[in-house]
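Inspection log for the structure reproduced underneath, given as structure tokens.
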Amino acid sequence: MKIKNICCIGAGYVGGPTMAVIAQKCPEINVTVVDINEERIKAWNDEDVENIPIYEPGLSNVVKEARDRNLFFSTDVDAAIDKADMIFISVNTPTKTYGIGKGMAADLKYIELCARQIARVSKTDKIVVEKSTLPVRTAEALKNILDNTGNGVNYQILSNPEFLAEGTAVDDLMNPDRVLIGGDIDTTEGKKAVDALVDVYAHWVPREKLLTTNVWSSELSKLTANAFLAQRVSSINAMSELCEKTGADVNEVSKAVGMDSRIGSKFLKSSVGFGGSCFQKDILNLVYISKSFGLHEVADYWEQVILMNDHQKRRFAAKIVQTLFNTVSGKKIALLGWAFKKDTNDTRESAAIYVADYLLNEQAEIVVYDPKVKTEQIYADLDYLNTRSSEENKAKVKVVNTAYESAKGAHAIAVLTEWDEFKDLDWEKIYKEMLKPAFLFDGRRLLERSTKEKIGFEFYAIGS
Ligand code: NAD
Ligand code: UGA
């Protein structure tokens with residue numbers, strides 16, 4: 001079975017880049033990415049390719065090459081479904097904010113809406129691919145809806161979770177460690193569907209990296225991978241606190257530990273806490289699933305990863321207050337970085353939001369500089385917490401265009417995102433702009449202590 005038309009529902013951080021790369025690598029396949037968010041689609045179609053809605057190094061070039069050749073962005077969801085042989089579901093699966101499983105389970109309402117729409121529109125057989133991260137056994141629910149509300153056409157459900165990380169999405173998609181495809185491999189039809197998707201990826205991914213499994217293993221592997229990655233960050237962050245008490249340095253510990261080939265060196269960088277749209281959401285989902293099977297020890301084990309992360313964010317903010325003579329009331333504190341990591345404009349669950357909120361509760365005045373995050377987004381993130389009114393957030397938080405501007409009259413600076421440009425700032429100039437003593441808090445272990453102390457900063461870095 002050769003795929004000619006792909007539809008992807010959801011033009012977000014996963015749908016957009018993933019489909020752009022598929023379109024670039026498979027020029028004979030028509031790829032249409034659809035979304036109900038008109039503004040987002042308009043931005044994907046912006047004449048100036050630098051204005052696409054997602055900032056990812058290298059992405060604009062890929063879009064430039066494929067857009068309007070075999071890559072299309074549209075709000076006409078029905079038309080794209082109708083035409084497609086293969087439909088990727090790439091919509092958001094946030095943590096539920098209401099009802100059963102509130103604050104833990106994944107909210108699958110967007111997934112279900114997609115399934116119902118596919119069932120209503122489809123007149124020919126379709127392969128439906130779960131690209132979103134979903135609880136194990138979601139494919140069963142999808143199949144149920146499609147088979148029972150559809151027009152009698154045949155559906156094959158595949159699970160093809162995405163492992164890209166933001167900031168390196170294009171590279172991760174071009175050179176993946178593996179591509180995981182789960183399907184009903186015990187039946188001929190299921191096997192055919194799996195092979196069809198394997199053929200798409202085989203345009204650029206070596207066959208030995210295309211891993212096929214049953215659907216449930218694929219769904220659960222995605223949650224497991226994120227849980228393991230987040231667990232490493234929480235583990236090293238737990239050690240960072242112990243380092244601060246004992247005179248050990250977390251970077252040295254991390255290097256020594258990571259050189260053990262059984263442990264490996266990646267994902268052992270201590271920080272002010274992990275953020276991003278997925279780690280917390282996926283672990284909470286894992287905890288919820290475990291609890292729902294009565295596996296309370298399993299649930300508690302994974303929940304600790306989140307508790308440690310919350311502790312790390314709070315601990316960092318509390319350290320600022322404590323160091324500034326136990327009060328930040330009325331003091332200006334500059335935050336460098338708002339994105340949850342460098343090279344992305346995504347701020348979802350960014351540690352910066354929680355550090356700012358903590359300091360605002362302590363009546364600090366906050367000034368933020370981030371090279372890629374828009375001002376409206378910063379206010380929206382704070383408003384979303386509902387800690388204070390939107391007017392109060394606007395009054396207490398100022399967003400500026402340069403790091404130098406943020407330093408003017410500041411009592412302290414906190415580095416919250418590891419943007420490369422922060423390393424190369426003229427720190428002497430920054431020091432001169434600040435009130436004295438000038439405090440510098442490095443929540444990312446980005447800056448060199450000795451040069452900053454030489455300038456005159458009171459320097460604190462996480463884990464040392
Ligand atoms: P996102 O919020 O950026 O994008 C989702 C898009 O889906 C939105 O633009 C929304 O308008 C659209 N949408 C929702 N319901 C729709 C519907 N019924 N019809 C059409 N469009 C609809 O989310 P994301 O970051 O791309 O994540 C999507 C999924 O991929 C999630 O399950 C996430 O866990 C998973 N994932 C994300 C990443 C990442 O780095 N962001 C990586 C791997 C996996
Ligand atoms: C993560 C996974 O790395 C991807 O494989 C996965 O596809 C994705 O989640 C997802 O499912 O959404 P992402 O959240 O984009 O990707 O970025 P990461 O590089 O994993 O960073 C997550 C957070 O952990 C960031 O805040 C980062 O600063 C922090 N981190 C990461 C550390 O604090 N220390 C580290 O050593 C590594």
Side-chain angles (χ1 to χ4, degrees), residues 7-19 33-41 43-44 53-54 56 73-78 80-81 88-95 106-118 130-135 138 160-169 172-173 176-177 222-223 225-230 232-237 240 250 254 258 265-283 285 309 312-313 337 339-344 346-352 416-418 443-446 462:
C7 158
C8 172
I9 309 180
Y13 282 86
V14 167
T18 312
M19 292 303 128
V33 191
V34 290
D35 205 293
I36 40 177
N37 183 336
E38 286 180 17
E39 214 179 307
R40 218 170 205 184
I41 291 297
W44 279 113
I54 285 162
E56 275 294 337
F73 295 93
S74 163
T75 50
D76 193 345
V77 184
D78 280 4
I81 292 175
F88 286 81
I89 302 183
S90 226
V91 300
N92 36 332
T93 49
T95 304
D107 191 344
L108 298 182
K109 73 175 170 206
Y110 305 106
I111 295 286
E112 182 170 341
L113 281 171
C114 289
R116 291 188 184 276
Q117 190 162 6
I118 294 169
E130 298 176 346
K131 188 51 128 175
S132 299
T133 303
L134 296 169
T138 304
N160 172 223
E162 185 48 60
F163 295 100
L164 69 79
E166 288 177 31
T168 52
D172 294 342
L173 288 163
D177 286 343
K222 172 64 195 177
L223 294 182
N226 273 0
F228 275 44
L229 289 169
R232 284 174 71 96
V233 179
S234 275
S235 296
I236 200 69
N237 280 345
S240 74
V250 78
S254 149
S265 61
K266 291 182 183 164
F267 256 75
L268 287 181
K269 181 103 177 112
S270 181
S271 66
V272 56
F274 61 73
S277 62
C278 293
F279 278 178
Q280 174 165 307
K281 151 178 97 66
D282 293 347
I283 292 179
N285 183 6
N309 196 49
Q312 187 77 347
K313 293 183 272 189
F340 80 97
K341 62 186 281 198
K342 73 170 178 177
D343 291 340
T344 176
D346 195 347
T347 64
R348 289 177 288 182
E349 289 301 327
S350 178
L416 299 182
T417 312
E418 73 282 23
R444 292 289 184 167
R445 293 302 297 258
L446 186 74
I462 214 131

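Ligands are counted one by one from 1 in listed order, and the atoms in each one are counted from 1 as well. Keep in mind that what you see is a predicted model, and the values were worked out from it rather than measured.
- Remark: the backbone N or O of Glu38 is not paired with any side-chain donor or acceptor of Thr75 at under 3.5 angstrom.
- Applying the ring pair (Phe, Tyr, Trp, His ring centres under 6.0 Å) rule to Phe274 yields the partners Phe279; only residues at least two apart in sequence or on another chain are considered.
- Ser74 places a side-chain N or O within 3.5 Å of a backbone atom of Asp76 that can act as its donor or acceptor partner.
- Take Glu130 and apply the salt bridge (charged side-chain N to carboxylate O under 4.0 Å, His left out) test, not counting sequence neighbours, and it matches no residue.
- Under 4.0 Å from any atom of ligand 1, one finds heavy atoms of residues Ile9, Gly10, Gly12, Tyr13, Val14, Asp35, Ile36, Asn37, Arg40, Ser90, Val91, Asn92, Thr93, Tyr110, Cys114, Ser132, Thr133, Glu162, Leu164, Glu166, Lys222, Ser277, Cys278, Lys281, Arg348.
- A donor atom on one side chain and an acceptor atom on the other are found under 3.5 Å apart for Ser240 and Gln312.
- Every protein residue with a heavy atom nearer than 4.0 Å to ligand 2 is included here: Glu162, Phe163, Leu164, Ala165, Glu166, Lys222, Asn226, Leu229, Val233, Phe267, Leu268, Lys269, Ser271, Phe274, Gly275, Cys278, Phe279, Phe340, Lys341, Arg444.
- Without hydrogens or angle criteria, Lys341 side chain to Glu418 main chain gives no donor-acceptor distance under 3.5 Å.
- Proximity of a side-chain donor or acceptor of Asn237 to a complementary backbone N or O of Ser271 within less than 3.5 Å is detected.
- Of the candidates Thr133, Asn285, Asp282, Asp282 is the only one forming a side chain to side chain donor-acceptor pair (under 3.5 Å) with Asn226.
- To the nearest 0.5 angstrom, Ile89 atom CD1 is 8.0 Å from Leu134 atom CG.
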